[in-house]
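Bear in mind the structure is a predicted one, so any value in this text is a computation, not a measurement.
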Amino acid sequence: FVGGGPVVTRYSFGKSPYAHKFSQLGNYAFRTGAFRVALAADIVEVFPGVRLNLEGQISVPRSVRNFYGFGNETRRDEDLEADDFYKVKTDDYALRQRLNFKLHDKVDWFFGSAYSFTKIKRKDSPFVSLLADSTGLYGVGKFRQLNLSTGIEIDTRDRQVASTRGFYASVEAAHYPDILDLDARY
């Protein structure tokens with residue numbers, strides 16, 4: 001496993017904690033051949049009092065080894081688990097944006113959206129493939145979704161890292177409309 005990447009921070013008079021920060025981080029796992037690339041931009045004042053955050057991430061392939069079925073009473077077979085029967089491999093792609101509006105010196109209101117695309121690799125996911133073939137499992141194959149979110153942040157800390165005074169609180173609500181591949185909104 002190896003990873004890293006540049007983080008570029010620019011400072012400017014009157015901008016706190018910085019004017020903007022851009023990062024391009026990635027990693028690669030030699031054993032599985034998986035990689036992840038994450039891009040991020042944080043622009044403190046895209047307009048007066050408005051902060052913009054942009055993020056994008058690719059994880060290919062992503063392995064999840066804990067899908068044993070539905071419900072708390074699901075049984076798993078340890079011999080099948082040893083053969084990676086329950087392993088699920090996906091390709092994941094995500095884009096997120098968020099605008100923060102300064103309401104007060106220590107209070108921000110924000111709204112944003114996120115788009116995600118997941119592709120389950122059926123040939124590398126035997127249990128999911130078996131369930132999908134027998135039950136028409138929802139979400140198997142290519143799956144796209146969009147969310148819209150809003151919230152409020154209160155940050156009275158003296159500094160973001162290793163603060164000694166103040167507190168931080170954030171409340172967020174998200175809505176996933178029944179568009180793209182979602183059958184029902186939530």
Using the salt bridge (charged side-chain N to carboxylate O under 4.0 Å, His left out) rule, collect all pairs that involve residues 141-152, keeping only residues at least two apart or in two chains. R144-D181
If the threshold is 4.0 Å, N to carboxylate O, is there a salt bridge linking R51 and E153? no
Less than 4.0 Å between a side-chain N and a carboxylate O, is that true for D108 and K102? yes
When you group the ILVMFWY residues by side-chain heavy-atom contacts below 4.5 Å and let the links chain together, are V88 and V60 in the same group? no
So how far is it from L54 CG to L52 CG, rounded to the nearest 0.5 Å? 4.0 Å
Do N27 and V2 touch side chain to side chain, with heavy atoms closer than 4.5 Å? no
In terms of heavy-atom contacts, P61 and A34 come closest through O-CB, 3.1 Å
Would F35 and Y28 count as a close aromatic pair, with their ring centres under 6.0 Å? no
Determine the minimum heavy-atom distance between L148 and S113, stating which atoms define it. CD2-CB, 3.8 Å
Clusters formed by hydrophobic residues whose side-chain heavy atoms approach within less than 4.5 Å: which one holds Y168, and what are its other members? none
Let's go through F127 and L80 carefully: what are the C-alpha distance in whole Å and the side-chain angles of both, what is the deciding distance for side chain to side chain contact (heavy atoms under 4.5 Å, CB included) to 0.1 Å, and is it a yes or a no? CA-CA 10 Å; F127 185 51; L80 290 175; over 6 Å; no
Nearest 0.5 Å, what's the CG-CD distance between D155 and Q160? 6.5 Å
Is the number of heavy atoms from other residues, nucleotides or ligands within 6.0 Å of CZ (R96) greater than 12? yes
Stepwise side chain to side chain contact (heavy atoms under 4.5 Å, CB included) test for Y93 and Y115: CA-CA 8 Å; Y93 306 87; Y115 168 82; 6.0 Å; no
Determine, for K21 against D42, whether the closest basic-nitrogen to carboxylate-oxygen distance falls under 4.0 angstrom. no
D178 side chain to D183 backbone, donor-acceptor under 3.5 Å: no
At what distance, to the nearest 0.5 angstrom, does CZ of F110 lie from CG of N53? 10.0 Å
Mind running side chain to side chain contact (heavy atoms under 4.5 Å, CB included) on I58 and D92 for me, showing each step along the way? CA-CA 6 Å; I58 299 170; D92 296 337; over 6 Å; no
Transitive ILVMFWY cluster of F1, excluding itself - 4.5 Å side-chain cut-off: none
Aromatic ring proximity, centroids under 6.0 angstrom, F22 and H20: yes
